[in-house]
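Only one structure is covered here, and it is reproduced in the block below.
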Amino acid sequence: MSHIPLRAVTLTHVRYQKGDYFGYFLAWVSLVPVFISLCGFTCHLLFRRELQGLFFAVGLVISQFINELIKSTVKQARPITCELLESCDSHGWPSSHSQFMFFFSVYYTLLTQTKFGVLSRNQMGIVGYVVWPMAVLTLISRVYLGYHSVVQVFAGATLGAVLGGGWFWIVNYKLRPFFPMIEESPIGSVLYFKDTSHIPHVLKFEYENARGARKHSSYKRSD
């Protein structure tokens, strides 16, 4: 019986040197794009139905498609450490993890600065103390763990930043005027898609309206 070679899902297949606690920490950091994609955006779209979040996610998918297209065209190998990591069967330039995190960070920063997607007053603090540090740590993790060279992670970061900024401009200065039309469309009405980018401090707005609705019998559930 012939042995069929196996391949790993590179997005989640992360290895580190046994006993290296910093490497163990960075291995989890490498999975941040997975957490953002599967947990963050899935929960956001499922429970909030925000058009801004929907188009943010679409942009990340387009960015990933561009990354795979470039990798399959350039076909630059990963560092020699890929043999130990069993990842030599995939290409390394540009780093998809770095590209994802810098797309996300640039878009989220611009969203916060322009107040198109401000949920709370402390959101800029999240940008400075959480989003960008995690983006930089992701770059470091991919090199430290041996999955990419420095050139490959910087290429991914640069491409991600450019695509993130470009997609933000397209969504918020070209497509956002059509958000009300999407809200009023049949699919928008059925799926409850909405745009709250015109509302300052969305969480405060929703909190006050939820409390106010409690006083009206028409909003109360029938037990």
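Please read these numbers as outputs of a predicted model, since none were measured by experiment. Positions are given from 1 along the sequence.
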Using the ring centroid of each side chain, check whether [X] and [Y] are separated by less than 6.0 Å.
X    : Y    : value
F102 : W132 : yes
F104 : F56  : yes
F193 : F179 : no

Around [X], counting heavy atoms of other residues, nucleotides and ligands shown, do more than 12 lie under 6.0 Å from its [atom1]?
X   : atom1 : value
F41 : CZ    : yes
L69 : CG    : yes
Q17 : CD    : no

Side chain to side chain contact (heavy atoms under 4.5 Å, CB included) with N209: which residues, sequence neighbours excluded?
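Checked N209 against side chain to side chain contact (heavy atoms under 4.5 Å, CB included); matches are F205.
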
Could I get the full list of side chain to side chain contact (heavy atoms under 4.5 Å, CB included) partners for F65, not counting sequence neighbours?
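Side chain to side chain contact (heavy atoms under 4.5 Å, CB included) list for F65, sorted by chain: empty.
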
Before accepting this row, confirm whether a basic side-chain N of the pair E206/R48 lies closer than 4.0 Å to the acidic partner's carboxylate O.
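Here E206 pairs with R48 in a salt bridge, since their nearest N and O are under 4.0 Å apart.
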
Side-chain donor/acceptor of [X] to backbone N/O of [Y], under 3.5 Å:
X    : Y    : result
H148 : R142 : no
S37  : P33  : yes
Q99  : S63  : yes

Using side-chain heavy atoms (C-beta onward) and a distance below 4.5 Å, is [X] in contact with [Y]?
X    : Y    : result
Q52  : R176 : yes
D195 : E183 : yes
V171 : V58  : no

Could you walk me through whether E50 and T196 satisfy the side chain to side chain donor-acceptor pair (under 3.5 Å) test, starting with their C-alpha distance in whole Å, then the side-chain angles of each, then the deciding distance to 0.1 Å, before giving a yes or no?
CA-CA 7 Å; E50 285 278 357; T196 59; 2.4 Å; yes

ILVMFWY cluster membership beyond F178 - transitive side-chain contacts under 4.5 angstrom
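Other cluster members: M181.
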
Specify whether Y24 and W28 have parallel, tilted or perpendicular ring planes, treating 30° as the upper limit for parallel and 60° as the lower limit for perpendicular.
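Y24 and W28: perpendicular rings.
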
